[in-house]
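The sequence lines fix the lettering, A, B, ..., with proteins before strands; numbering per chain opens at 1. Bear in mind the structure is a predicted one, so any value in this text is a computation, not a measurement.
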Number of protein chains: 2
Amino acid sequence: MAIMDQTAIRKRFGEYLHARSLKLTGQRDRIFERAFETHEHFTPEALFDWLREAEGTTVSRATVYRTLTLLEEGGFIVSMNNGLGDVVYEHILGHEHHDHIICLKCGRIDEFQNTEIEALQIEVARTWGYSLVRHTLRLEGVCGTCRLSGAETG
Amino acid sequence: MAIMDQTAIRKRFGEYLHARSLKLTGQRDRIFERAFETHEHFTPEALFDWLREAEGTTVSRATVYRTLTLLEEGGFIVSMNNGLGDVVYEHILGHEHHDHIICLKCGRIDEFQNTEIEALQIEVARTWGYSLVRHTLRLEGVCGTCRLSGAETG
DNA sequence: GTAATTGCAAAAGGTTTGCAACTCA
DNA sequence: TGAGTTGCAAACCTTTTGCAATTAC
């Protein structure tokens with residue numbers, strides 16, 4: 001399923017920086033690497049902590065924020081809201097476009113694709129006179145695990 | 001199309017407060033009224049300003065926030081993200097469930113309904129073992145007006 | 001009369017920014 | 001060498017909170 005492997009995307013990151021006359025600093029490198037190391041959604045703060053926990057590795061919060069913005073502008077990562085008020089990011093490595101289904105009990109996030117829904121969205125946009133740039137579809141519910149365990153909690 | 005008229009929902013607000021042993025204060029009344037007066041999506045700050053602009057009417061920011069939370073808990077309004085980092089609210093008066101299509105250039109928000117998409121969502125959730133509680137579908141693009149005027153702006 | 005509410009100002013939480021020191025190319 | 005980058009701390013913005021005064025019921 002991978003569209004591009006880690007090496008290729010790393011190279012593209014370098015090219016992207018070069019094209020914009022930006023420098024590949026140690027901090028950017030570490031942030032990039034760490035962001036692509038996880039397959040989870042993460043907050044800027046979480047990434048900051050991960051880097052701090054890694055022995056000796058310290059990158060300032062400001063640089064984390066600045067670099068995440070940079071990565072998003074370059075299309076290497078995308079941001080979304082986790083529904084609890086936090087901004088979370090995910091990298092695009094090996095991800096085709098997908099939407100999310102989120103468990104309201106445990107916060108688990110699964111990803112899915114549905115071409116029929118995609119097609120209908122384009123149709124809706126056209127109907128309203130919009131040209132569709134992107135969309136966000138988030139399904140929220142209770143996952144199987146939580147339904148079996150917690151049942152009717154809170 | 002209205003599910004409930006303004007009078008009816010106003011009454012329900014009173015009942016809701018009563019049921020929770022809360023008081024119908026002048027401030028709550030004004031906030032409620034103003035929130036239902038507009039059919040646009042609004043930020044807490046915007047509502048605060050509206051009330052301030054209205055001659056003599058002043059409600060503190062704190063009370064605006066507290067009351068909006070209260071109204072959302074009661075199901076009288078719902079909140080969402082406008083995609084620019086702001087929390088925006090909309091009242092539910094006369095609104096059936098709908099999704100949003102947002103213009104990335106001018107921030108305009110339109111609402112639509114599509115039963116086919118709704119049905120497919122339920123199917124997706126079932127496939128993944130989730131029971132669907134709710135969903136958010138946001139289409140983002142460029143509206144007809146902006147496409148005609150601005151064209152390829154920055 | 002009394003519990004609930006308000007306004008204020010301070011606090012909080014997340015993100016951005018100015019600036020001097022530093023570093024990649 | 002010099003444009004771009006970093007870290008720090010202060011600034012920002014939105015939202016929340018503690019508390020004394022006030023108000024609805």
Set of residues satisfying side chain to side chain contact (heavy atoms under 4.5 Å, CB included) with respect to Glu45(B), sequence neighbours excluded: Thr43(B), Phe48(B), Asp49(B), Arg61(B)

For Glu73(A), all residues meeting side-chain hydrogen bond (donor to acceptor under 3.5 Å, both in side chains), sequence neighbours excluded: Arg20(A)

DNA chain D contacts made by residues 24-34 of chain A, counting heavy atoms under 4.0 Å: Thr25(A), Gln27(A), Arg28(A)

Sugar-phosphate, base or nothing in reach of Thr58(A), heavy atoms under 4.0 Å: sugar-phosphate

Partners meeting side chain to side chain contact (heavy atoms under 4.5 Å, CB included) with Thr127(B) (sequence neighbours left out): none

Residues forming a side-chain hydrogen bond (donor to acceptor under 3.5 Å, both in side chains) with Ser60(A), sequence neighbours excluded: Thr63(A)

Range on DNA chain D touched by chain B, heavy atoms, distance below 4.0 Å: dT14(D) to dC25(D)

Sequence-distant partners of Val124(A), side chain to side chain contact (heavy atoms under 4.5 Å, CB included), two or more places apart: Trp128(A), Phe112(B), Asn114(B), Ile117(B), Leu139(B)

Partner residues of Phe13(B) under the ring-ring contact (aromatic ring centres under 6.0 Å, His included) criterion, sequence neighbours left out: Phe32(B), Phe76(B)

Protein and nucleotides 10-13 of chain C: nitrogen or oxygen contacts under 3.5 angstrom:
none

Selection: residues 68-79 of chain B, any non-hydrogen atom under 4.0 Å of DNA chain D: none

What's touching nucleotides 19-23 of chain C from the protein side, N or O pairs under 3.5 Å?
none

Overall bend - the helix from dG1(C)-dC25(D) to dA25(C)-dT1(D), comparing terminal axes fitted on five pairs, nearest 10 degrees: 40°

Flag side-chain contact, heavy atom, 4.5 Å: Arg30(A) against Val59(A): yes

Distance below 4.0 Å between Tyr65(A) side-chain N/O and dT16(C) OP1 or OP2: no

Ring geometry between His100(B) and His41(B) (parallel below 30°, tilted from 30 to 60°, perpendicular above 60°): perpendicular

